[in-house]
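Here is the structure we will look at.
Order of the sequence lines fixes the chain letters, A, B, ..., with proteins taken first and strands second; residue numbering starts at 1 for each chain.
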Amino acid sequence: MTIPDNRNLKKVYIEITSKCNLNCKMCFRRFWNDEVFEMDFEKYLRILDELKEFTSLETVYLGGIGEPLFHSRILDIIGKTKESGYRVEFGTNGTLLNKYAEDIIRLSVDKIIVSIDAPDPKVYEDIRGTDFSQIEDNVAYLQETKRRLNAHNPEVEIEVVAMKSNLDLLPNILLLAAKLEVTSVIISNIMPFGKELCSETLYNEIFDYNTFIDKMNSQIGKYRLKTVFPKFELLTERKCQFIEQNATTIRSDGEVAPCYRLLHSYTEYIFGRGKQVNAFSFGNVYKDTLLSIWNRRDYKSFRYSVKNALFPSCTDCPLKDSCNFCLTTDSDCFGNFPSCADCLWSRGIVQCP
Amino acid sequence: MVGGYMGKILRVNLTTGKTSEEPINDELARKFIGARGYAGKVIFDEVPAEADPLGPDNKLIFATGPLTLTAAPTGGRYDVVTKSPLNGVIAGSNSGGFFGPELKKTGYDFLIVEGKSNKPVYLWVTDDKVEIRDASHIWGKDTHIATDAILSELGDKSIRVACIGPAGENLVKFAAVINDKARAAGRTGVGAVMGSKMLKAVAAKGTKRAPVANPEKFKEALRVAMDKIKANGVTSQGLPTYGTMVLNHIIDEHGLYPTNNFQKGTFEHVDSVSGEKLKDTYLVRNKACYACPIACGRVSKLPDMEEETEGPEYETSWAFSADCGIDDLAAVIKANDQCNKMGLDTIATGTTIACAMELYEKGFLKKEELGSAPELKFGNTETILVYPELMAKRVGLGDKLAEGSYNFASMHGHPELSMSVKKQELPAYDPRGAQGHALEYATSNRGGCHVRGYMISPEILGLPEKLDPFVVEGKGQWVRIFQDLTAVIDSEGLCLFTSFALGADDYAAMLSAATGFDYTADEVMKAGDRVWNSEKLWNLRIGMTKKDDYLPPRFMNEPLPDGAAKGQLVHLEQLLSDYYNVRGWSNEGVPTEEKLKDLGLQ
Ligand code: SF4
Ligand code: SF4
Ligand code: SF4
Ligand code: SF4
C-alpha cells in the first residue's frame with residue numbers, strides 16, 4: 001500500500017526552548033535524560049521559511065517542555081511568525097506575563113494557555129515553588145492591558161491538572177477563571193513521571209467522576225465558561241489529538257516527533273506500571289526539509305496506523321505486566337515503531353492544549 | 001527487496017587476527033532460512049567431517065534468523081552452531097534473552113569465528129565493526145563477573161554479552177554459552193568450542209533495525225499471530241504464570257516424570273519442586289526475552305541470596321530434583337544459579353550426577369573415587385550444590401564427570417546406565433510414557449533432546465490435538481512434522497514456545513512478509529525438511545548409522561514400575577521403521593537419492 005505524499009500539516013508545535021525559569025515538582029524535565037536547548041533564532045527562521053510549503057498550515061504553537069517566554073528572542077519569534085500569517089499560540093507558566101503583556105498584545109498573539117496546576121495557593125506553591133498570587137496578578141494585568149488597549153487578543157485559557165490532592169479544590173478554578181475572564185478551562189489528568197506521583201492519579205480507582213463533572217458543570221452557566229474534561233476511565237475509543245489535527249512537533253534541537261509524548265525520553269507510570277518512553281524522531285529539520293520528513297514513508301504509515309487505531313492495546317492487555325514490548329515505547333506486538341499502544345493521551349485521559 | 005536479513009556475515013579468524021565480511025547468499029537464505037538452518041549448512045560445507053571439534057579447524061557461528069530483531073512475537077532468538085565436542089553432530093544451541101537481536105543490530109546476521117587464539121580474547125562488535133580484545137583479566141572468572149567486567153570496561157551497561165564460564169574454558173563436554181547472565185545456549189557443549197578457541201566472550205551493541213520487505217503484510221501477519229497467542233491458554237496463562245515449571249505436576253501425573261535416573265516415572269515430592277511451589281515461595285516476577293509477549297522466564301530470590309537469579313526452568317528443576325531424588329527447591333535454585341555462573345548445561349549437569357548416583361548405589365563407582373566430595377546417593381542435596389563447580393573446574397571426580405554421563409558410565413563399565421542418546425543426556429520426560437516422544441529422542445539429530453520435535457505437546461498437553469501417548473501407529477508422521485516445524489522456528493529466529501499457539505501458515509506468513517520471499521506453508525515445511533536432512537547427512541558423514549538412533553536399553557527392557565504409564569516400554573524398532581519410511585529414508589535410516597533430489601541436497 002502506498003500512501004500519497006501530502007502537504008496537509010495544519011498545526012506545528014515548536015519547542016523553541018526546553019529551558020524554564022521554574023522547577024516544578026511534576027514537570028518531567030526533572031525526570032528525563034535529555035539535554036536542555038534553546039533554539040537559535042536563525043534556525044527558527046529557517047523552519048518558518050520551510051513552513052511555506054504547507055499551504056494548509058494554520059497554527060504555530062510555541063512550546064513543548066520549557067517556558068517559551070524564557071527564550072531570549074521570544075518577541076522576534078512571535079513577530080516573524082505573525083508576519084508569515086499564522087495563528088500564534090503558546091503555553092506558559094505565567095510568571096513572565098507581566099513583563100511581556102504589552103508586546104504580546106501588540107504582536108496580536110492569538111491565544112495563550114496558562115497552566116496553573118492547582119487553583120489553591122498552597123498546593124500550587126508546593127508544586128511550582130512560586131507565588132500563586134503573582135500568576136493571578138499577571139493574568140489580571142494582561143486582561144487589564146487588553147482592555148486598556150482595546151484589544152481582543154490573545155484569548156486566554158487555563159490548564160489545570162486534576163489529581164487527588166487538589167480534587168476538592170478544583171471547582172474553585174471556575175470562580176478564579178471567571179474572575180480572570182478566561183474563555184475556557186482545560187482539565188487534564190496527571191501522567192506520573194515518578195513513582196511517588198502514582199498515588200495522585202484519579203483514573204486508576206473507582207472515582208465518582210460523574211458527580212464531579214456535574215458539580216463543575218452546574219456552575220459553568222453561572223460563569224459562562226467552556227470546560228474541557230478528560231476521560232477518567234479506560235474507554236475503547238482511541239483518538240490521538242496530534243494526529244487528528246494533522247500536527248507535528250519540533251524539538252528545540254530540531255528533531256521531529258509525532259507528538260509531545262514522544263518528544264523526550266523519560267519514564268511514565270501507566271496505572272502504576274513503569275514504561276520507558278523513548279524520544280522518537282522521524283528526522284531533523286536542521287538536516288532535512290520538514291516537507292520531506294512529513295512525507296517519509298514511515299511517518300506517513302505511522303500517521304495512518306494511529307488514525308485507524310492499528311495498534312494493540314497494552315493498557316488493558318492481560319500480558320502487559322510482563323510482555324517485553326510493553327516495557328518501552330519502541331515497538332509493540334503488531335510491529336509498530338514506535339508504539340502508541342499504551343498511550344493515555346490517545347485515550348483522552350491525559351490532555352494537551 | 002530481500003528483508004529480514006541484515007545482509008552481511010562477519011568472519012573473524014582468531015589464529016591470524018584477520019576479519020572479513022561477506023554477503024548473505026540469497027539462495028541459501030531461501031533454502032535454509034537462517035540461524036540453525038543456514039549456519040548448519042555453513043558448518044556442513046566448511047568444516048571437515050574429521051575436524052577436531054576442539055581444534056582450530058572447527059568453526060563457531062553465532063547466528064540470528066531473519067525474524068530475529070523484528071517485532072515478530074519472540075523474535076529475540078539466536079543459535080550457536082558448531083561441530084559438537086560431545087558427539088560430533090552439528091550443534092545448534094538456541095538461546096533467547098537479548099544478545100541475539102543486539103548482535104543483529106550491528107548489521108551482521110552471523111558472526112563466524114575461525115581458528116584459535118593463543119591467549120584469551122573477547123570480541124567487541126559494534127555497527128559494521130569488530131575488535132579483538134584481550135580477555136586475560138577475565139579468563140577463569142564466572143559468567144556474571146566476566147559480563148560485568150566487560151560492561152564496565154566498555155563503559156555502557158546496555159551492551160549485551162554472550163560468554164563462557166570456567167566450564168567452557170576447561171572444555172567441559174557440556175559447557176554452555178551464557179548470554180545476558182542467565183540465558184543459555186545450553187546443549188551440545190558449544191561452550192567448550194568457545195573455550196578451545198580461547199574466546200571468552202562476544203559483546204555486542206548496535207543501532208540498526210531489521211529491514212522488513214513488506215511492512216503492511218508483516219503487521220497483518222503479526223496481528224493474526226498475536227490473536228492466537230493471546231487466545232491460547234498455554235501461551236497467555238500457563239507459561240506467564242508458572243513458566244515452564246507449569247509442567248512438573250502435569251508430567252508427574254502422566255507418569256513420565258523421570259525419577260532417580262529414570263528408574264521410576266513419578267516423584268513423591270513433586271509438590272515441593274513444582275512451579276506452583278516456586279510461585280508461592282521464591283518467585284519475584286516473570287521476565288520476557290526480547291520481543292516476547294509470553295514471558296515464561298522466572299526471576300527468583302532466596303532469602304540468603306544477595307542478588308536475584310533467573311530460573312529455574314522445568315528441565316533444570318527436574319534434573320536437580322526428581323532425577324537426583326532431591327526435594328529441596330532452594331537447593332535447586334542455587335544449583336541452577338551456579339550452573340549459569342559456571343557456564344554449564346543444567347540438564348547434563350543434573351543428569352550426569354544422577355547417573356553417577358545410580359553407578360554408586362549399584363557399586364560400580366567406588367567410594368574412594370569421590371575423595372572428600374559428597375556421597376553420591378539419591379536424595380543427597382549436598383551433591384547438587386557441590387558437584388557442578390567440581391565439574392566446571394575439573395576438580396577431583398569432577399574431571400571425569402565433565403566428560404558427560406555417557407563417557408563417565410563407560411569408564412565405569414556401564415554405558416547403559418547413562419540416560420543419553422548420541423551421548424547427550426535425555427531431558428525430563430521418560431520415553432516409556434510417550435511413544436512419539438521416545439521416537440523423537442532416538443532420532444533427534446543432535447542427540448537426546450526435547451526441543452527438536454516436542455511430542456509432549458500432542459501426546460500429553462493435547463496441542464494441537466490429543467494423541468494417545470501409548471500408541472505407536474502414526475507417530476512417525478507426527479514426529480517428522482514436529483521436527484521439520486521446529487527446524488523452521490529455530491531457523492527463523494523465534495522461540496519454540498510460540499508453536500503452542502501458531503502453525504506452519506503463521507510462520508510462513510511472517511517469514512514471507514519479512515523477507516519478501518514467498519513461502520507457502522508447504523514450502524516453509526519443506527525448508528524445515530531440508531534443514532533436517534542436511535543435519536542427518538552430516539551425521540552419516542561423521543560415521544553415525546542406524547545404531548545411533550537408539551535409546552538406552554532400559555526403555556525397551558524394563559517396564560515403568562509406577563504411575564500412570566506403569567508397565568509401558570518403548571517399541572523402538574516399530575517406531576523407527578515407520579519414521580524412516582515417512583521421511584523417505586531407507587530401512588537403515590539413509591535419505592534416498594530421490595529424497596535428496598527433491599530437497600535439492602545433492
Ligand atoms: S513551568 Fe512547565 S516547563 Fe517549567 S518547570 Fe514547571 S512544568 Fe516544567
Ligand atoms: S505489546 Fe504486549 S502488552 Fe501490548 S498488547 Fe501486545 S502483547 Fe499485550
Ligand atoms: S497516540 Fe500518543 S504516542 Fe501516539 S502519536 Fe498520539 S500522543 Fe503520541
Ligand atoms: S516464551 Fe519464554 S523462552 Fe520463549 S522468548 Fe518468551 S520468555 Fe523467552
Which value, rounded to the nearest 0.5 Å, describes the distance between B/Arg209 atom CZ and A/Ser331 atom OG? 8.5 Å
Rounded to the nearest 0.5 Å, how far apart are OH of B/Tyr290 and CZ of A/Phe325? 7.5 Å
Show the nearest heavy-atom pair for residues [X] and [Y], with the distance to one decimal.
| X | Y | value |
| --- | --- | --- |
| B/Ala288 | A/Ser322 | CB-O, 3.3 Å |
| B/Ala71 | A/Phe337 | CB-CZ, 4.5 Å |
| A/Leu319 | B/Thr235 | CD2-O, 4.5 Å |

Should the heavy atoms of other residues, nucleotides or ligands under 6.0 Å from [atom1] of [X] be counted, would the total exceed 12?
| X | atom1 | value |
| --- | --- | --- |
| B/Glu307 | CD | no |
| B/Lys217 | NZ | no |
| A/Lys10 | NZ | no |
| B/Lys205 | NZ | yes |
| A/Lys164 | NZ | yes |

Under 4.5 Å heavy-atom distance to chain A, tell me which part of B/Pro240 shows up: side chain, backbone, both or neither. side chain
In terms of heavy-atom proximity below 4.5 Å to chain A, should B/Arg285 be classed as side chain, backbone, both, or neither? neither
Residue among B/Ile294, B/Ile229, B/Asn286, B/Thr70 with most heavy-atom pairs under 4.5 Å to chain A: B/Asn286
Between chain A and each of B/Cys292, B/Ala221, B/Pro73, count heavy-atom pairs under 4.5 Å; write down the option with the most. B/Cys292
Given a strict heavy-atom distance threshold of 4.5 Å, which part of A/Asp332 is in contact with chain B: side chain, backbone, both, or neither? backbone
Using non-hydrogen atoms and a 4.5 Å limit, figure out which bit of A/Leu327 sits close to chain B: side chain, backbone, both or neither. neither
Residues A/Arg297 and B/Glu216 bridged, charged N to O under 4.0 Å: yes
B/Lys230 vs A/Cys317 side-chain heavy atoms within contact, under 4.5 Å: yes
How about A/Ser305 and B/Lys219: do any of their side-chain heavy atoms sit closer than 4.5 Å? yes
